[in-house]
2 protein chains.
Amino acid sequence: MNLVIDGGNTFIKTAVFQNNRLLEKQVFLKKDFFENFENLQKKFPAIRKSILSSVTSLDSDLENALKKSYSLLQLDDLVALPFKNEYATPHTLGKDRIALVAAAVNTYPGKNVLIIDAGTCITYDLKTEDEVYLGGAISPGLEMRFKSLHKFTANLPLVTPKPAPKLIGDSTESSILSGIINGIEMELKGTIKSYDSKFEDLTIIFTGGDSQILSIPLKNSIFANSNFLLEGLNFILEFNKTQ
Amino acid sequence: MNLVIDGGNTFIKTAVFQNNRLLEKQVFLKKDFFENFENLQKKFPAIRKSILSSVTSLDSDLENALKKSYSLLQLDDLVALPFKNEYATPHTLGKDRIALVAAAVNTYPGKNVLIIDAGTCITYDLKTEDEVYLGGAISPGLEMRFKSLHKFTANLPLVTPKPAPKLIGDSTESSILSGIINGIEMELKGTIKSYDSKFEDLTIIFTGGDSQILSIPLKNSIFANSNFLLEGLNFILEFNKTQ
């Protein structure tokens with residue numbers, strides 16, 4: 001049984017996997033982690049291995065707690081990966097993006113896959129049918145765009161995201177909603193079209209916290225999966241057992 | 001002869017018009033304005049009227065200097081406009097957007113016009129063939145997107161904009177360039193397409209400081225014009241002479 005931990009800036013996500021199957025997923029505020037960690041240990045005594053992916057400089061308390069109970073794999077640029085990485089600067093490749101590509105290899109082996117993660121940033125990542133990771137793109141996330149209009153101008157308010165705004169806003173709020181939400185949806189649609197014309201039989205995964213509020217034309221080849229990143233981390237852990 | 005002044009946060013643009021014709025355009029740092037204002041007065045003694053549009057709370061020194069020499073029209077939400085304004089919150093409508101719509105009425109009367117201004121923000125504004133302004137959209141500008149990725153994340157660098165990045169970035173820098181530049185171009189293309197399908201025989205004006213670095217498919221109906229905003233301010237000044 002595996003424990004997968006995805007540490008963000010303020011939240012920590014935990015997931016328990018048995019044989020590639022997600023048994024339980026939880027999200028905690030970082031400060032509440034240790035309280036919940038004890039409960040998790042009691043509930044799943046069969047956990048033996050763990051993987052930790054953290055965006056911030058590693059939290060040594062968290063690290064030590066995991067090491068004390070389990071064997072721990074820390075995701076860094078030295079960990080063996082289940083794909084060929086053609087990123088020119090692997091040491092600057094985000095851990096989230098690594099995990100997402102691993103998940104694509106696990107779930108769609110032998111397929112061209114574009115993974116779109118709509119989170120703090122919107123990331124686009126492409127792995128080919130030969131299990132080669134080529135790279136992709138990074139653009140500002142939904143919330144970041146709302147924040148930036150407010151922070152970097154003198155007069156614009158901080159608007160709360162709402163789905164499906166009309167095209168023509170007739171107030172500052174509705175103009176911003178149209179510009180950002182419709183703008184991102186056009187970016188998504190255009191990007192999917194560009195990749196689709198370059199990669200045969202392309203599968204598209206749409207994941208991340210903002211994938212609910214954003215709508216893209218879901219065709220046969222487009223799948224929403226909110227656990228994709230956690231599944232990828234689990235796959236990297238499994239892959240490293242056999243290395 | 002008219003003096004048109006467009007005051008931004010750090011820069012002031014001046015333009016001298018005679019009979020709708022732009023004679024001279026200049027850009028100063030705000031702090032250097034008065035020095036250059038004297039030269040301008042000497043060079044164009046025939047100036048009689050002026051219009052001031054300022055994004056910041058009005059600069060009383062600037063205002064007084066203009067009032068001393070010329071009759072001054074300050075652009076605010078009480079000024080008579082050469083179009084019907086259907087914006088629901090006219091007091092929050094940006095002065096830039098008002099000037100751009102006025103320019104569209106002046107240059108393309110009787111036409112449906114979408115004005116795209118790629119500046120600090122990207123604004124989209126639509127005036128109909130009946131000279132009615134319907135509103136539009138606001139999204140973060142090019143530089144703002146680069147700044148936000150750096151400011152609102154722990155690990156991403158501030159990247160310098162470059163035109164025409166490849167689709168698949170294979171480093172952090174090229175990923176960000178692709179995400180932002182290609183992302184905006186897809187937003188522009190998608191937005192133009194949406195308006196085009198709603199408004200017959202649509203004319204599109206592409207203006208603003210970043211219209212150079214961004215490329216959109218320039219068809220017969222799409223025009224680039226870097227003086228559009230200044231032309232709009234001059235038209236509002238002319239329009240108010242006759243009110």
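Protein chains get the first letters and strands the later ones, always in sequence-line order, with residue 1 at the start of each.
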Exercise. In terms of heavy-atom pairs under 4.5 Å, which option from B/Lys147, B/Lys189, B/Lys193, B/Arg97 contacts chain A the most?
Worked result: B/Lys147
For this session: Examine whether an atom of A/Asn182 lies under 4.5 Å from a heavy atom of chain B, and if so say whether it belongs to the side chain, the backbone or both; otherwise answer neither.
Result: neither
Seminar exercise, completed: Given B/Met186, B/Glu86, B/Lys151, B/Glu173, the one with more heavy-atom pairs under 4.5 angstrom with chain A than any other is B/Met186
Exercise. With chain B, which of A/Ser171, A/Ala88, A/Gly94 has the greatest number of heavy-atom pairs at distances under 4.5 Å?
Worked result: A/Ser171
Exercise. Hey, what do you get for CG (A/Leu177) to OG (B/Ser139), rounding to the nearest 0.5 Å?
Worked result: 12.5 Å
Problem set entry | For the student: nearest non-hydrogen atoms of B/Thr172 and A/Tyr87, plus distance | N-OH, 3.2 Å
Problem set entry | Options B/Ala154, B/Gly135, B/Gly169, B/Ser178, ranked by heavy-atom pairs under 4.5 Å with chain A, top entry | B/Gly169
Problem set entry | chain A interface, residue from B/Leu149, B/Thr89, B/Ile181, B/Ile122 that has the most non-hydrogen pairs under 4.5 Å | B/Leu149
For this session: Using non-hydrogen atoms and a 4.5 Å limit, figure out which bit of B/Tyr133 sits close to chain A: side chain, backbone, both or neither.
Result: neither
For this session: Working to the nearest 0.5 Å, report the span between CD1 of B/Ile168 and CG of A/Leu126.
Result: 4.5 Å
Exercise. Side chain, backbone, both or neither: which part of A/Leu156 has an atom under 4.5 Å from a heavy atom of chain B?
Worked result: side chain
Problem set entry | Proximity breakdown for B/Thr120 and chain A, heavy-atom pairs closer than 4.5 Å | side chain
Seminar exercise, completed: Heavy atoms of B/Pro140 and A/Ile180 approach each other most closely as CD-CG1, 4.0 Å
Exercise. Is the number of heavy atoms from other residues, nucleotides or ligands under 6.0 Å of A/Glu131 CD greater than 12?
Worked result: yes
Exercise. Distance from B/Asn155 atom CG to A/Cys121 atom SG, nearest 0.5 Å?
Worked result: 10.0 Å
Problem set entry | Under 4.5 Å from a heavy atom of chain A, the part of B/Lys198 involved | side chain
Exercise. Do A/Phe146 and B/Phe152 make the cut of ring centroids closer than 6.0 angstrom?
Worked result: no
Exercise. Under a 4.5 Å heavy-atom cutoff, which of B/Leu167, B/Thr92, B/Leu134 has the most pairs with chain A?
Worked result: B/Leu167
Seminar exercise, completed: Of the listed B/Ala137, B/Ser175, B/Ser148, B/Pro90, the one with the largest count of heavy-atom pairs under 4.5 Å with chain A is B/Ser175
